[in-house]
Amino acid sequence: QVQLVESGGGLVQAGGSLRLSCAASGGALSDYSMGWFRLAPGKEREFVVSIDPSGMIRLYAESVKDRFTISRDIAKNTAYLEMNSLKLEDTAVYFCAANDQIITSTTGDCRYWGQGTQVTVSS
């Protein structure tokens, strides 16, 4: 059983930056696709970004392309989401996920989920 624990959320001003962490235990990140999703008030869960087990393929939602970056530290068994140039519309609860198959914008569910961390962008 893989456990995922997000951290790093908080309040940040528009235009600022934040880095989220997803610490995994019970399994190796290199065995899974890793992804980040977000849930904004009044909206459905939205795919943000993913990385495949090899670390070679990264997929980004158009709304975050060139602003957000996903990465992994295999030694620390931790995935990261670096968010730059944050906008008000980035406000959401961000969830880390691990999956046996690739994670895309059409992935409905993943095998493992973290509990989520709140990101609030203020003007």
Side-chain angles (χ1 to χ4, degrees):
Q1 183 79 6
V2 174
Q3 303 290 325
L4 304 174
V5 179
E6 301 99 331
S7 62
L11 178 65
V12 63
Q13 291 187 337
S17 299
L18 207 60
R19 188 176 79 162
L20 307 183
S21 298
C22 175
S25 60
L29 263 61
S30 58
D31 291 334
Y32 299 93
S33 291
M34 300 297 300
W36 290 90
F37 296 79
R38 64 188 182 185
L39 182 62
K43 297 185 177 181
E44 299 295 316
R45 186 175 63 208
E46 176 190 20
F47 166 81
V48 177
V49 63
S50 69
I51 187 168
D52 82 318
S54 73
M56 296 292 101
I57 302 172
R58 293 170 170 83
L59 301 176
Y60 294 88
E62 184 65 28
S63 60
V64 306
K65 184 178 286 291
D66 299 323
R67 297 190 300 119
F68 291 10
T69 302
I70 188 171
S71 62
R72 304 178 306 171
D73 187 326
I74 298 300
K76 295 182 178 180
N77 215 31
T78 300
Y80 303 94
L81 178 63
E82 184 171 348
M83 305 181 292
N84 300 310
S85 302
L86 282 161
K87 304 175 180 180
L88 294 178
E89 51 264 44
D90 293 320
T91 295
V93 177
Y94 283 73
F95 296 90
C96 176
N99 206 40
D100 297 316
Q101 293 82 40
I102 59 169
I103 299 172
T104 74
S105 61
T106 62
T107 298
D109 197 14
C110 296
R111 185 174 181 179
Y112 303 106
W113 292 91
Q115 82 288 349
T117 185
Q118 176 72 48
V119 173
T120 302
V121 183
S122 64
S123 61

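In this text, all values refer to a predicted model and were calculated from it rather than measured experimentally.
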- Residues Y32, Y112; criterion side chain to side chain contact (heavy atoms under 4.5 Å, CB included); working and verdict: CA-CA 10 Å; Y32 299 93; Y112 303 106; 3.9 Å; yes
- Item | Those residues that, when tested against S25, pass side chain to side chain donor-acceptor pair (under 3.5 Å) (two or more places apart) | none
- Mind checking what makes side chain to side chain contact (heavy atoms under 4.5 Å, CB included) contact with E62, not counting sequence neighbours? K65
- Item | Hydrophobic cluster identity match, L81 and L88, side-chain contacts under 4.5 Å | yes
- Task: Determine yes or no for a side-chain-to-main-chain donor-acceptor pair under 3.5 angstrom, with Q115 supplying the side chain and E6 the backbone.
- Result: yes
- What's the verdict on side chain to side chain contact (heavy atoms under 4.5 Å, CB included) for F47 and I103, showing C-alpha distance, side-chain angles and the deciding distance? CA-CA 9 Å; F47 166 81; I103 299 172; 3.9 Å; yes
- Message: Between F37 and W113, is the ring centroid distance below 6.0 Å?
- Response: yes
- Task: Could you pull out all residues at least two apart from V119 that satisfy side chain to side chain contact (heavy atoms under 4.5 Å, CB included)?
- Result: L18, L20, M83, Y94, V121
- Would a hydrophobic clustering, with Ile, Leu, Val, Met, Phe, Trp and Tyr connected at side-chain separations under 4.5 Å, put V49 with V93? no
- Pairs where residues 48-59 contributes a residue and the test side chain to side chain donor-acceptor pair (under 3.5 Å) is met, not counting sequence neighbours: D52-S54
- Residue list, side chain to side chain donor-acceptor pair (under 3.5 Å) with S71, at least two apart or on another chain: none
- Message: Show every disulfide (SG to SG under 2.5 Å) that has at least one partner inside residues 45-123, sequence neighbours left out.
- Response: C22-C96
- Task: Apply side chain to side chain contact (heavy atoms under 4.5 Å, CB included) to V48 and Y60, showing your working.
- Result: CA-CA 6 Å; V48 177; Y60 294 88; over 6 Å; no
- Sequence neighbours excluded, the answer for side chain to side chain contact (heavy atoms under 4.5 Å, CB included) partners of K43 is A40
- Only pairs at least two apart or in different chains count here, so list each disulfide (SG to SG under 2.5 Å) that has a residue in residues 33-89. none
- Note on the structure: By side chain to side chain donor-acceptor pair (under 3.5 Å), T104 pairs with (sequence neighbours left out) T106
- Message: By the disulfide (SG to SG under 2.5 Å) test, which pairs, at least two apart or in different chains, include something from residues 35-79?
- Response: none
- Side-chain heavy atoms of I51 within contact of S33, under 4.5 Å: no
- For residues 84-111, which residue pairs qualify under salt bridge (Lys or Arg N to Asp or Glu O under 4.0 Å), counting only residues two or more places apart or in two chains? R38-D90, R67-D90, D100-R111
- Message: Starting from I70, can I reach L86 by hopping between I/L/V/M/F/W/Y residues whose side chains sit under 4.5 Å apart?
- Response: yes
- Could you go step by step and tell me if M34 and L29 meet the side chain to side chain contact (heavy atoms under 4.5 Å, CB included) rule? CA-CA 7 Å; M34 300 297 300; L29 263 61; 3.9 Å; yes
- Message: Give me each pair satisfying side chain to side chain donor-acceptor pair (under 3.5 Å) with a member in residues 75-84, each pair once, sequence neighbours excluded.
- Response: S17-N84
